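What's counted below: heavy atoms across the whole structure, side chains too, no hydrogens, waters or symmetry copies. In this text, all values refer to a predicted model and were calculated from it rather than measured experimentally.
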Amino acid sequence: MLALIDLQRIFADPSSGWATPDFRRVVEPARELIKLFSPDVVFTRFVAPEKPDGAWVGYYEAFPFALQPADAADYQLVDEFEGAPTLDKTTFGAWGPELAARVDGRLVLAGVATDCCVISTALAAVDAGVQVQVVEEACAGSTAENHAKAIDLMRLYAPMLEIVSVEQLR
């Protein structure tokens, strides 16, 4: 199963407060992965809750522009993937009962941001006993440095979490 994490306009738009600078770089590797895994592919979307609670209150005080409804243009997938079915979540990590129900022992991850939603999903899936592979060139971080740090951190979870390339999955 391939999960493409948060390939949304809010992360692609350079003027967004959540812009991922290398976002465009992951589009082509994501397309390649879709060819390899189709139809066993799911796109996830980070969306704001209707009413934040707990620690999320302070988070959205820091990022008020993100308090938009799930159907807002910013929260839609980028044009290259527009219209694909999505698994929506109001948390950084996409791992939960909905994604778990689709996974049969192995989860391949790609998307943004490596240092937030990708790593949160990967570590939760590993804790649930799933073999995880993160496709390095199909991920981008909040910065290139943070992407590299997250990749290095995830390498520490071997052999349950493996950093791979598109070519290795062919």
Transitively linked via ILVMFWY side-chain contacts under 4.5 Å: [X] with [Y]?
{"X": "Val135", "Y": "Val42", "answer": "no"}
{"X": "Phe46", "Y": "Val78", "answer": "yes"}
{"X": "Leu77", "Y": "Phe23", "answer": "yes"}
{"X": "Ile5", "Y": "Val126", "answer": "yes"}
{"X": "Leu4", "Y": "Met1", "answer": "no"}

Would the distance check show the side chain of [X] and the main-chain N or O of [Y] forming a donor-acceptor pair, the cut-off being under 3.5 Å?
{"X": "Glu137", "Y": "Val166", "value": "yes"}
{"X": "Glu162", "Y": "Pro159", "value": "no"}
{"X": "Asp13", "Y": "Ser15", "value": "yes"}
{"X": "Gln131", "Y": "Met160", "value": "yes"}
{"X": "Ser16", "Y": "Phe11", "value": "no"}

Which heavy atom of [X] sits nearest to which heavy atom of [Y], and what is that distance?
{"X": "Thr91", "Y": "Trp56", "answer": "CA-CZ2, 3.9 Å"}
{"X": "Pro49", "Y": "Tyr60", "answer": "CD-OH, 3.5 Å"}
{"X": "Ala3", "Y": "Leu107", "answer": "CB-CD1, 3.9 Å"}
{"X": "Asp40", "Y": "Arg102", "answer": "OD1-O, 4.4 Å"}
{"X": "Ala70", "Y": "Val47", "answer": "CB-CG1, 3.9 Å"}
{"X": "Tyr75", "Y": "Ala66", "answer": "OH-O, 2.6 Å"}

Have a look at Ser142 and tell me which of Val112, Thr20, Asp22, Asp115 forms a side chain to side chain contact (heavy atoms under 4.5 Å, CB included) with it.
Asp115
Tell me, do [X] and [Y] make a side-chain contact under 4.5 Å, heavy atoms counted?
{"X": "Val130", "Y": "Trp95", "value": "yes"}
{"X": "Gln133", "Y": "Arg106", "value": "yes"}
{"X": "Cys139", "Y": "Val134", "value": "yes"}
{"X": "Glu28", "Y": "Glu80", "value": "no"}
{"X": "Met154", "Y": "Thr114", "value": "yes"}

Heavy-atom neighbours of Asp152 CG exceed 12 at 6.0 Å
yes
Would you sort out whether Arg45 and Asp88 count as a salt bridge (Lys or Arg N to Asp or Glu O under 4.0 Å), showing the intermediate values?
CA-CA 5 Å; Arg45 284 191 323 151; Asp88 295 349; 2.7 Å; yes
Between Lys149 and Glu145, is the salt bridge (Lys or Arg N to Asp or Glu O under 4.0 Å) condition met? List the steps.
CA-CA 6 Å; Lys149 287 178 181 179; Glu145 181 182 21; 3.7 Å; yes
Cationic N near anionic O, under 4.0 Å, Arg155 to Glu136
yes
Any carboxylate oxygen within less than 4.0 angstrom of a Lys/Arg side-chain nitrogen, looking at Lys89 and Glu98?
no
Could you check whether the rings of Phe43 and Phe81 sit parallel, tilted or perpendicular, using 30° and 60° as the cut-offs?
tilted
Which label fits Phe92 and Tyr59: parallel for a plane angle under 30°, tilted from 30 to 60°, or perpendicular past 60°?
perpendicular
If you apply the rule side-chain contact (heavy atoms from CB on, under 4.5 Å), what do you find for His147 with Ile151, and how did you get there?
CA-CA 6 Å; His147 166 78; Ile151 292 293; 3.8 Å; yes
